[in-house]
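Reading through the C-alpha cells given below for one structure.
Just so you know, these numbers use all the heavy atoms, side chains as well, and skip hydrogens, waters and symmetry mates.
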Amino acid sequence: MAKVELAPLRPWDDFFPGSERFAKPDGKDLAKWNNRVVSNLLYYQTNYLALAVVVFLVVGFLNPLGMFTAMVVVSGVFLGSVWAGENRAVISNFKRHNPTAFVIAVMVASYILISMLGSVMVFMSAITLPLALVFAHASFRLRNMKNKLENKIEGAGLKRSPMGILLEALGQQEESFQKIQSFLEGKLKE
C-alpha cells in the first residue's frame, strides 16, 4: 500500500481558469456528475483545504466558542457515522447504495445537535459555506487530462491522499477499487 501524500496546491489559473472550463453538470446522469465531483475532490483537494481553512479561520476569529462547539459536534457525528458504517450492516448497505443521502444525513444530524447547543450560525458559516463552495466548484469544474490521470493513479492504489481516504470512508470509491482489484487479480491468474 502506498504512503499517504498530500496533493500539490494547484495554480490559480488551473483551479479557476475562466468560464470556458466550467459547465453545468448533467442532472439526468447522476453517475457522471458523481464521477466529476469525486475526480475534482481528489485533484483539487489541497486547494479545497486552503479555501476551507480561510473561511474556517475567519469565522473562528469572529466566534471562537461557537467554532469549537461546531468542530466537536461535527467530528463526533462524522466519526460515529464512519464507525456505524463499518460495524452495522444496515448502515453500511445504506452508505454504499445512497452515498449522497448518507452525507446529507450526517450533515443534518450535525445541524440538529449544534442547534440544540445554540451555534447554528457558526455551523452554517464555518462548516456549510466551505462545503457548499467546494461542492459547487467540484460540480461545475470540467476535468482535464492531468486531472483524469491523477485520479487513475489514486484509484489504482499507487498513490494515496487524505481526500482519497475520506472518500473511501464515505463509500465513494469502493466500486472503483473493487473493479481495479478484480482486473489485477484476473491478470495475475493469467
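The cluster map of Ile, Leu, Val, Met, Phe, Trp and Tyr, joined by side-chain heavy atoms under 4.5 Å apart, puts Phe61 and Met71 in different clusters. One hydrophobic cluster holds both Val72 and Val106 under the rule that ILVMFWY side chains link at heavy-atom gaps under 4.5 Å. Neither Val53 nor Trp12 shares a network with the other; the hydrophobic side chains, linked directly or stepwise wherever heavy atoms of I, L, V, M, F, W or Y lie under 4.5 Å apart, form separate groups for each. Taking hydrophobic clusters as Ile, Leu, Val, Met, Phe, Trp and Tyr residues chained together by side-chain heavy-atom distances below 4.5 Å, Leu62 does not share a cluster with Leu57. Leu133 and Phe140 fall within the same hydrophobic cluster, defined by Ile, Leu, Val, Met, Phe, Trp and Tyr side-chain heavy atoms under 4.5 Å apart, directly or through other members.
Counting heavy atoms from C-beta on, the side chains of Tyr111 and Thr128 never come closer than 4.5 Å. Looking at heavy atoms from C-beta onward, Ser139 lies in side-chain contact with Trp33 at the 4.5 angstrom threshold.
Atom-to-atom distance recorded for Leu129:CG and Leu51:CG is 8.0 Å, nearest 0.5 angstrom. Between Phe135 atom CZ and Leu41 atom CG the span is 9.0 Å, to the nearest 0.5 Å. The structure places CD1 of Ile112 at 12.0 Å from CE of Met107, a figure rounded to the nearest 0.5 Å. One finds the CG atom of Leu49 at 11.0 Å from the CZ atom of Phe56 (value rounded to the nearest 0.5 Å).
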What's the verdict on side chain to side chain donor-acceptor pair (under 3.5 Å) for Arg141 and Tyr43, showing C-alpha distance, side-chain angles and the deciding distance?
-> CA-CA 11 Å; Arg141 177 67 168 95; Tyr43 187 70; over 6 Å; no

Evaluate the side-chain contact (heavy atoms from CB on, under 4.5 Å) criterion for residues Asn40 and Tyr48: first the C-alpha distance (whole Å), next the side-chain angles of each, then the deciding distance (0.1 Å), finally the verdict.
-> CA-CA 10 Å; Asn40 283 331; Tyr48 294 147; 3.9 Å; yes

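What you find for Val59 and Ala126 is that their closest heavy atoms are CG1-CB, 3.5 Å. Here the closest heavy-atom approach between residue Phe102 and residue Ile91 is recorded as CE1-CG2, 4.0 Å. Across Gly66 and Asn63, no two heavy atoms sit closer than the pair N-OD1, 3.0 Å.
Side-chain N or O atoms of Asn47 include one that pairs as donor or acceptor with a backbone N or O of Arg10 at under 3.5 Å. Here the side chain of Ser92 pairs no donor or acceptor atom with the backbone of Arg88 at under 3.5 angstrom. Formation of a donor-acceptor pair under 3.5 Å by the Ser81 side chain with backbone atoms of Phe78 is found in this model.
The aromatic rings of His137 and Phe22 sit perpendicular to each other, their planes meeting at more than 60°, with 30° as the lower class boundary.
Screening Val82, Val108, Leu113 against Val77 for a side chain to side chain contact (heavy atoms under 4.5 Å, CB included) leaves a single residue, Leu113.
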